[in-house]
Amino acid sequence: VKLPVKLPDENLSPEQIAYLSGRYGRQTADFLSAAQTDELITIAPLPNLWAELRWAVHAEGVVHLDDLLLRRVRLGMLLPNGAFDHIECIRSIVQPELGWDDARWMAEENSYRSTWQRAYSPAPLG
């Protein structure tokens, strides 16, 4: 895959480069520069990388957890159980990036859980 910009020398597969270039285009190099090395791994079984959480918060104006997980990176719709199995990893990336204290994180997580259960879970609450 040939990109319109030179990417940092990362250990990414051709499939990952194609995915990132398709999703981020000319911002791919900036995306990779903002990522921490341990975030450049996929969130199995998806092609998404953990770094996409940081990027969405950093570059896409995310202010609420439900916006991040349901609209920006869509993990809440793509991963089983609304991505709650990964919530601590998500928290470790998102909370410091947004500067949320623990009370704000819990409020956002509770709001997200309520929204997901009501409207996105396989058995939404009636």
Side-chain angles (χ1 to χ4, degrees):
V1 174
K2 184 169 169 73
L3 292 175
V5 294
K6 181 168 174 29
L7 295 180
D9 185 23
E10 301 292 346
N11 293 324
L12 297 172
S13 70
E15 294 81 15
Q16 288 171 312
I17 294 295
Y19 165 77
L20 291 173
S21 64
R23 183 153 169 98
Y24 299 104
R26 293 186 181 275
Q27 292 183 314
T28 303
D30 294 334
F31 168 88
L32 291 170
S33 294
Q36 295 183 9
T37 303
D38 59 342
E39 295 172 355
L40 292 174
I41 57 174
T42 58
I43 305 169
L46 306 174
N48 300 69
L49 302 177
W50 287 107
E52 291 183 70
L53 293 161
R54 182 176 308 284
W55 182 256
V57 168
H58 173 77
E60 296 180 15
V62 169
V63 294
H64 293 290
L65 188 59
D66 59 353
D67 178 39
L68 174 68
L69 296 179
L70 295 172
R71 290 177 278 293
R72 306 303 175 136
V73 295
R74 302 175 60 110
L75 296 179
M77 291 187 286
L78 298 172
L79 287 173
N81 196 31
F84 285 105
D85 297 342
H86 300 288
I87 201 70
E88 287 306 313
C89 188
I90 293 166
R91 181 179 187 170
S92 72
I93 296 168
V94 173
Q95 185 177 6
E97 192 71 27
L98 287 170
W100 292 347
D101 61 17
D102 290 341
R104 173 70 187 271
W105 173 265
M106 290 310 300
E108 290 288 335
E109 185 179 328
N110 289 335
S111 176
Y112 167 65
R113 185 178 306 275
S114 175
T115 299
W116 184 82
Q117 287 176 333
R118 184 180 66 256
Y120 294 90
S121 72
L125 299 176

Quick one: does Glu108's side chain have a donor or acceptor within less than 3.5 Å of a partner on Trp105's backbone? no
Indicate the ring-plane relationship of Trp50 and His86, choosing parallel, tilted or perpendicular according to the 30° and 60° boundaries. perpendicular
Would you compute the distance between atom CZ of Arg113 and atom OG of Ser121 and round it to the nearest 0.5 angstrom? 11.5 Å
Salt bridge (charged side-chain N to carboxylate O under 4.0 Å, His left out) between Arg91 and Glu109, worked out: CA-CA 9 Å; Arg91 181 179 187 170; Glu109 185 179 328; 5.1 Å; no
Taking all non-hydrogen atoms of both residues into account, name the closest pair between Val62 and Val57 and its distance. CB-CA, 4.1 Å
If you take all heavy atoms of Tyr112 and Asp66, which pair is closest and at what distance? CD1-CA, 3.8 Å
Judged by atom type as modelled, is there a donor-acceptor pair below 3.5 Å linking the side chain of Ser114 to the main-chain atoms of Asn110? no
Note: Tyr19 and Pro47 closest approach over all heavy atoms is CE2-O, 3.6 Å
Within this structure, what is the CG-CG distance for the pair Leu40 and Asn11, rounded to the nearest 0.5 Å? 9.0 Å
When rounded to the nearest 0.5 Å, the distance separating NE2 of His58 from CG of Leu98 is 11.5 Å
Check Leu78 against Val73 and note the closest heavy-atom contact, atom names and distance. CD1-O, 4.3 Å
Report yes or no: does Thr115 contribute a side-chain atom to a donor-acceptor pair with the main-chain N or O of Ser111 at less than 3.5 Å? yes
With side chains defined as the heavy atoms from C-beta onward, is the minimum distance between Arg23 and Phe31 less than 4.5 Å? no
First locate atom CG of Leu32, then atom CH2 of Trp55, and finally report the distance between them rounded to the nearest 0.5 Å. 9.0 Å
Using a 6.0 Å cut-off, check whether atom CZ of Arg74 has over 12 heavy atoms from anything other than its own residue. no
Is there a side-chain contact between Leu69 and Leu79 in this structure, where contact means two heavy atoms from C-beta onward sitting under 4.5 Å apart? no
Donor-acceptor pair, side chain of Arg72 and main chain of Glu60, under 3.5 angstrom: yes
When every non-hydrogen atom of Gln16 is compared with those of Leu49, the smallest separation belongs to NE2-CD2, 3.6 Å
Distance-minimising heavy-atom pair for Val94 and Leu68: CG2-CD2, 3.4 Å
A side-chain contact here means heavy atoms from C-beta on lying under 4.5 Å apart; do Gln95 and Ile90 qualify? no
dist Leu20:CG -> Gln27:CD (nearest 0.5 Å) comes out at 12.0 Å
